[in-house]
Amino acid sequence: MRATTVRSRVLAAMLLLCAFGLLIAGLTAYGLERSKVDARIDDSLVRSVTSLRDLASSGLDPETGQPFTTASSLVYTAIQRTIPSPNEGMIGYAQGHVRWYAPEAVALRLEEDEAFVEHLSTLQASGSALLQGFTSETTEYRFAAVPVTVGPDETGTFVIAYDRSAELAALSGTFRTYAVVAVIALVLIGLVGWLLAGRFLAPIRRLRDTAQQISESDLSTRIPVQGNDDLSDLTRTFNDMVERLERSFVSQRQLLDDVGHELRTPLTIIGGHLEVMDRHDPVDVIATREIALDEISRMSRLVDDLMTLATADRPDFVRRDYVDLGRLTDDVLDKARALAPRNWVVDARAELPFPLDSQRITQAWLQLASNAVKYSADGSTIAVGSAVALDEARIWVRDDGIGIAPHDLGRIFGRFVRAGSGTPDRGGRGLGLAIVAAIAAAHNGSAEVESTEGAGSTFTVTLRRQPPDLGARLPLELSRPVHDNHLERHL
Ligand code: ADP
């Protein structure tokens, strides 16, 4: 079964909110209108009571032209003079019994509701005017009962009542219409919302479809970026991620390719020599054995270097400790001297300790020194040096060798890159500088070269202190030269 989509969830949430809003608005308006109706009913009832009191105190009996002499005539006159509104009815009591009914034109016949009449009779005894509600089987009333007394014995009651249910029914009608309109509005909001949500979420759908299309073999698809909002940011981030993945796959494939080529040469040499070797000729056997061992040690060095590079992005690739860089410079110089007879000198010695992995730094430094030896003449000068600034340290190797052509400078730190195709092969595997760059990157730094063809080169490794956030390192990929993905091989 398909999981609910974001689109339907967004829409459902939106509809729920809208429905909730409409309900709150409707209920509030209904409550307000209802209390307005009640207030209007009470106002009208109070006015009727007041005019009855006026009539009782200063009115004249229309039959005699004199003040009222009986309660019955007073109640009768009041009923005749009052013009009730459509849901209003009246009834008059004299001496405790129903005596007068409202004129026939009045629609609400109170006398027909026995329960109400019964209830009114029980109120006769009380002497002051009442404003009350009463619910009978048929409807709900709001009424005013005004007892009148004329002379010592003449008592009567004028009752005027509203059919509250009927008054509220008109209001209910209005709100039924409101409910219908609200439902229609919700349906419309749902339709438009569905379309809009689909439109807004289209980039996410495209993202999903593209992600489904992307496989290891085809990482070339990108999602077109539209607009400038958070979704387009997400699209851009996604595209960047695919870009990085693609680059990483390409460089992985390139690496396998290169490793294959690199191993094929020594294997071909060993295989070729073994094939033509004369087993019965001890001299040939010894010579072939020498060649095979030589090639095997070449392969094992290659494998060692590759292992070093493969572990370079692991967190435990370097273990930093405070090291006296001056002493380390001397140690490296001592070791380098054994490489070849050169005029070995120290350019500068840092006098401060710096946090670094002395074994890895020695490895990188000696790699640079052995390169300097490889690409310089006997007796030429090779200098090593170190310097510490506040947050970084530099170590370098300077030689007066053959130098590097400007177009090679940017790519020699790549794997299996050998520059200077015109110069004789000096047995390098093109991994030395890649390892130096990896060691530099593992120290949050970088490796650079300055060189003049024919005049010499200076290779500098810059090391930086660990940033406070536990020393998160840049991935090795990012520290390599741009050309890394398009390595050229010089065999
Ligand atoms: P290799 O094993 O071929 O020396 P490296 O990665 O150490 O591989 O060096 C890559 C290339 O950089 C070399 O092939 C060489 O052309 C160039 N290079 C490195 N160091 C020097 C140097 N000191 N002087 C001149 N060229 C150098």
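One-based numbering, in listed order, for ligands and for the atoms of each. Being a predicted model, the structure only gives us computed values, none of them experimental.
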(request) Provide the number and element of each atom of ligand 1 under 4.0 Å from a heavy atom of Gly430. (result) 1 (P), 2 (O), 3 (O), 6 (O), 8 (O)

(message) Give the atom numbers and elements of ligand 1 that come within less than 4.0 Å of a heavy atom of Gly432.
(response) 5 (P), 6 (O), 7 (O)

(request) Using distance alone, with no hydrogens and no angle criterion, decide if Ser376 and Asp399 have a side-chain donor and acceptor under 3.5 Å apart. (result) no

(request) Inspect the contact between Arg319 and Asp357 and indicate whether a charged nitrogen and a carboxylate oxygen are less than 4.0 angstrom apart. (result) no

(message) Under a plain distance cut-off of 3.5 Å, with no hydrogens placed, do Gln367 and Asn371 share a side-chain donor-acceptor pair?
(response) yes

(message) If you measure every N or O of Ile402 against every N or O of ligand 1, does any of those distances drop under 3.5 Å?
(response) no

(request) Taking only heavy atoms of Gln367 into account, list the atoms of ligand 1 that are under 4.0 Å away from them. (result) 7 (O)

(message) Could you check whether any heavy atom of Gly401 sits closer than 4.0 Å to an atom of ligand 1, since that is the contact criterion I want to use?
(response) no

(message) Using a 4.0 Å cut-off to any heavy atom of Lys374, which atoms of ligand 1 qualify?
(response) 1 (P), 2 (O), 4 (O)

(request) Enumerate the atoms of ligand 1 whose separation from the nearest heavy atom of Leu433 is less than 4.0 angstrom. (result) 5 (P), 6 (O), 7 (O), 9 (O), 10 (C), 12 (O), 19 (C)

(message) Does Arg236 have more than 12 heavy atoms from other residues, nucleotides or ligands lying within 6.0 Å of its CZ?
(response) yes

(message) Between Ser232 and Asp229, is there a side-chain donor-acceptor contact under 3.5 Å, judged purely by atom types and distance?
(response) yes

(message) Under 3.5 Å, is there a donor on one side chain and an acceptor on the other for Ser85 and Glu88?
(response) yes

(request) Can you sort out which atoms of ligand 1 are near Ala372, meaning under 4.0 Å from one of its heavy atoms? (result) 23 (N)

(request) Give the atoms of ligand 1, by number and element, whose distance to some non-hydrogen atom of Val417 is under 4.0 Å. (result) 10 (C), 11 (C)

(request) Number the atoms of ligand 1 from 1 as they appear, then name those within less than 4.0 Å of a heavy atom of Phe459, with their elements. (result) 19 (C), 20 (N), 21 (C), 22 (C), 23 (N)

(message) Any donor-acceptor pair under 3.5 Å linking the side-chain atoms of Thr5 with those of Ser8?
(response) yes

(request) Would you kindly say whether Thr381 and Arg342 are connected by a side-chain donor-acceptor distance under 3.5 Å? (result) no

(request) Can you figure out which of Arg418, Arg415, Arg398 has its heavy atom closest to atom 3 (O) of ligand 1? (result) Arg418

